[in-house]
**Q** 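Shown below is the structure under consideration.
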Amino acid sequence: MSANILPDQFKDLTGFVADWALPSQVERIRKRRASSIEEIQAFYAGILPRMEHIISYLNEFKSGEMPEENARLLNLALSFIEVSPAVELFHEPDETGTFDSDRLTIQE
Amino acid sequence: MATLNDPGRWKKQYPHLGTEPIPIEANVSREWFDLERDKIFRRSWLYVGRNDELKSPGDYLTRNIAVLGVSVLIICGKDGKIRAFHNVCKHRGNTLARNAEGHANQLTCDYHGWTYDLQGQLRFVPDEAQFSELQRPDCALKPIALEIWEGFIFINLSPPPGVTLEKSLAEFARDLKGFPFAEMTKVVSYSTEIKANWKIVMGIFQEGYHVPTLHNSAVADAGTGPDNPFGYPLSLKLYERNRSISVYLNPHHAPTPAESLAYKYGASLLGPEGGLPQGVNPLRDSHWLFDANVIFPNLILDLSSAAFWTFQFSPLAVDLTSFEANFYMRPARNAGERIAQEYNKIILRETLREDLKVHEDIQANMASGALDHIYLSDQEIAIRHFYKVVDDLIHDHAS
C-alpha cells in the first residue's frame, strides 16, 4: 500500500497538489477565481508538458477504481482544464464582466 | 457558401414575418405576463426532466411550476409507469413530498400521517373511523397529464390537454427521433435566477449575431470565421410555434493546447458525426457545430455530436426567470475521456456565462424608457418569430 501523494513518475508535481488537486468543479472554479494570473500560469505551465503522460498513465486504470495517488493526479489534470480558459482565452483569472459564477448553482 | 451569406436570406423565405422594429412592451408588461400565464403556460406541454432519473418504482421528482403556482410530483409507480400529480395531500392541503428528488415506498404527509401509494391512491388514514364523509378514491392525489417523448418528460396543466405531446412537438417528433439521447447521461447542471423576462433570456440562444462580439474571447473562433464573419446559421426552420437553427462551425478554427489535448483523447464537440437523424444538421454540412431546437414555450434542446443540452426558462415574474442548463454526454470510460468531458463542460460553462451577462441590464433598460423598440437583423428572425408566436397566442390573432 503506497503512501505516495502522487504516483512516483509524477513526484515532481507534488508541489501543486495542496492547491490544485481538487475533487469538484465548484472547488476548482473557486480556486481559479481566487488565484492571481501568475499563480495560474505557473500551474498551467507546470502541467501542460506532462498532460499526455498523465493521460496515458491514468488510462491504464479502470475508471472509478483509482488509488488515492491516481485520483489526486486526475484532479490536477481537471484543474488544468479548469484554468486553461484563463490562460489561453481570457488572460486573467476570470473573464471581466462575465456572469458571476457564485450565482450559478453547479451540480455534478 | 453563396447561400450562407445571401443578404436577406431569411426574410425572403419568411416574408409574412415582416421586418419592422418590435415593441419592447412584451418584456415589461404585467398584462402580457398574466396573459402568457393563462394562455400559454396553463395550456402547453411543459418540460420537467428526463426519465433516466426515474428508473425504479418509488423514484420521484418534485417540480415547482412557479408561473402557475403548482407543485408537481413526478413518480415512478410500482408498475414502472411514470405519473404526475399535484404534490398536495387531499386531507387539508399540505405539501406531500418536500425534496426535489428522492425515493420512497409510499408517501406520507408530515401533518397528520395520511399515506399514499406510488400510484397516488390513498392507502392509510390514521383514526379513519372518525371521518364521516371520507371516500378514499375521492382523496387520491390529483393527477396531472404527463407524456414522455424520447425520455423527455412533459406535463400539461390543462384538463384535458388540447393536443398530445407528439402533436405539439410537431416536426421535432419526427425529425429528432433517433438521436442517441439514451446513450448520454447528465454530467453537470447549472442553474440560477436572472432578473429579466423569460423571453429576453431565450433570445440570445436563437441567434448567432452576438457570437463575434460577446464570445470574442472564447468560442467566436469556433462559430465565426473569414467565410462567415457574422455567425450566420447554416439553416433555419420556423414552424408553427417551434423553430430550429443549425449553427456554423468555422473550419479555420485554431484549437488551444487544452482543446487539442482533450480532443485527442475524448469526444469533441466540434464537427458532425455520422448516424444522426435527418433532422439534425439537416443540410449534412461538414461545417456544423450544433442545432438549437426551440420547443414552445420555454425549452431549448441543443444537439451536437458529443453532447446534448437543455436550457429551461421558468418565468417567476415579468422581470424574473429561473434558468437551468443541463448537459448530457456519453459516460467517460477512462481518464482521457473524463478529461475531454471536463473540457467540454468548462468551455460550455464559460460560453454560457458570457451568454447570461447581458439580460439584467437589458431588462432594467427596457423598463427605464430608454428604448421603445428593438431592431432585428435578418439572421435574428428567430426572435421575430418567437415574439409573433407569443403575441398571436395571447391576443388571439388568427395565425
Side-chain angles (χ1 to χ4, degrees), chain A residues 7 22-26 28-29 32-33 44-45 47-66 70-71 73-108, chain B residues 100-101 186-195 214-222 254-262 264-266 322-327 331-361:
Chain A
L22 302 167
S24 73
Q25 189 183 132
V26 169
R28 292 190 292 263
I29 190 176
R32 164 160 77 83
R33 291 186 63 189
Y44 177 95
I47 301 291
L48 174 61
R50 309 298 302 284
M51 272 297 281
E52 295 251 23
H53 190 185
I54 290 172
I55 293 171
S56 43
Y57 173 83
L58 289 174
N59 271 357
E60 294 297 304
F61 298 84
K62 271 208 181 67
S63 270
E65 285 179 19
M66 289 193 180
N70 288 9
L73 185 63
L74 176 61
N75 288 335
L76 285 183
L78 297 178
S79 279
F80 168 83
I81 295 293
E82 173 63 60
V83 306
S84 64
V87 174
E88 296 172 349
L89 304 175
F90 307 134
H91 314 298
E92 51 185 343
D94 204 29
E95 188 184 11
T96 301
T98 197
F99 191 80
D100 184 355
S101 59
D102 285 341
R103 290 182 61 186
L104 282 178
T105 301
I106 300 175
Q107 276 180 306
E108 292 185 284
Chain B
E101 59 192 45
K186 190 191 293 191
V187 295
V188 67
S189 162
Y190 305 113
S191 54
T192 191
E193 286 188 4
I194 309 276
K195 296 184 213 57
L214 194 66
H215 297 312
N216 184 47
S217 301
V219 298
D221 187 63
T256 65
E259 181 184 321
S260 300
L261 274 165
K264 182 172 174 185
Y265 292 98
S322 172
F323 171 79
E324 185 173 323
N326 291 302
F327 291 87
R333 293 166 300 188
N334 59 27
E337 291 187 351
R338 175 72 187 86
I339 286 162
Q341 194 185 83
E342 190 71 12
Y343 178 81
N344 290 335
K345 285 157 77 173
I346 299 307
I347 205 74
L348 287 166
R349 185 197 70 209
E350 292 304 312
T351 306
L352 184 63
R353 290 174 70 197
E354 291 174 339
D355 283 322
L356 293 179
K357 80 181 196 186
V358 291
H359 309 297
E360 294 182 334
D361 282 353

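Order of the sequence lines fixes the chain letters, A, B, ..., with proteins taken first and strands second; residue numbering starts at 1 for each chain.
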**Q** Nearest 0.5 angstrom please: B:T351 OG1 to B:H215 NE2, how far?
**A**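 Between B:T351 OG1 and B:H215 NE2, I get 6.0 Å after rounding to 0.5 Å.
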
**Q** Enter the distance from A:L22:CG to A:I29:CD1 here, rounded to the nearest 0.5 Å.
**A**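 CD1 of A:I29 is found 12.5 Å from CG of A:L22.
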
**Q** Who among B:A325, B:A218, B:P257 has the most heavy-atom pairs with chain A under 4.5 Å?
**A**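 The option with the most such pairs is B:P257.
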
**Q** Before giving the answer on salt bridge (charged side-chain N to carboxylate O under 4.0 Å, His left out), spell out for B:E342 and A:R28 the whole-Å C-alpha distance, their side-chain angles and the decisive distance to 0.1 Å.
**A** CA-CA 12 Å; B:E342 190 71 12; A:R28 292 190 292 263; 3.1 Å; yes

**Q** Heavy atoms only, distances under 4.5 angstrom: which of A:R103, A:E108, A:M51, A:E95 has the most pairs with chain B? Name it, please.
**A**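 Top count of heavy-atom pairs under 4.5 Å with chain B: A:R103.
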
**Q** Identify which part of A:E60 has an atom lying under 4.5 Å from any heavy atom of chain B, answering side chain, backbone, both or neither.
**A**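 For A:E60, no heavy atom lies under 4.5 Å from chain B.
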
**Q** Evaluate whether atom CD of A:E92 has more than 12 neighbouring non-hydrogen atoms of other residues, nucleotides or ligands under 6.0 angstrom away.
**A**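 Atom CD in A:E92 is crowded, with more than 12 foreign heavy atoms closer than 6.0 Å.
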
**Q** Counting only heavy atoms closer than 4.5 Å, note whether B:I346 contacts chain A via side chain, backbone, both or neither.
**A**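 Just the side chain, heavy atoms under 4.5 Å.
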
**Q** Determine, for A:R33 against A:D100, whether the closest basic-nitrogen to carboxylate-oxygen distance falls under 4.0 angstrom.
**A**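 Yes, charged N to carboxylate O under 4.0 Å.
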
**Q** Any Lys/Arg nitrogen of A:E82 or B:R349 sitting under 4.0 Å from an Asp/Glu carboxylate oxygen of the other?
**A**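 Salt bridge: yes.
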
**Q** Heavy-atom distances under 4.5 Å only: say whether A:D94 touches chain B with side chain, backbone, both or neither.
**A**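 Interface part for A:D94: side chain.
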
**Q** Taking atom CD of B:E193 as the centre, report whether more than 12 heavy atoms of other residues, nucleotides or ligands fall under 6.0 Å from it.
**A**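 Above 12, so yes.
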
**Q** If I measure from the heavy atoms of chain A, does B:E324 come under 4.5 Å with its side chain, its backbone, both, or neither?
**A**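 Neither part; nothing is under 4.5 Å.
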
**Q** For B:I347, is it the side chain, the backbone, both, or neither that has a heavy atom closer than 4.5 Å to a heavy atom of chain A?
**A**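 Side chain of B:I347 only, per the 4.5 Å heavy-atom cut-off to chain A.
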
**Q** Taking the six-membered ring for Trp, are A:Y44 and A:F80 parallel (under 30°), tilted (30 to 60°) or perpendicular (over 60°)?
**A**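 A:Y44 vs A:F80 ring planes: parallel.
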
**Q** If you count heavy-atom pairs under 4.5 Å with chain B, which of A:L89, A:L104, A:N59 comes out on top?
**A**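 Option with the greatest count: A:N59.
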
**Q** Measuring heavy-atom distances to chain B, does A:I106 have an atom under 4.5 Å in its side chain, in its backbone, in both, or in neither?
**A**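 Interface part for A:I106: both.
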
**Q** Let me know if A:S56 has heavy atoms under 4.5 Å from chain B in its side chain, its backbone, both or neither.
**A**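 A:S56 has no heavy atom closer than 4.5 Å to chain B.
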
**Q** Which bit of B:K186 is near chain A, if near means a heavy-atom gap under 4.5 Å: side chain, backbone, both or neither?
**A**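 Neither the backbone nor the side chain of B:K186 comes within 4.5 Å of chain A.
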
**Q** Is it the backbone or the side chain of B:Y265 that comes under 4.5 Å from a heavy atom of chain A, or both, or neither?
**A**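 Just the side chain, heavy atoms under 4.5 Å.
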
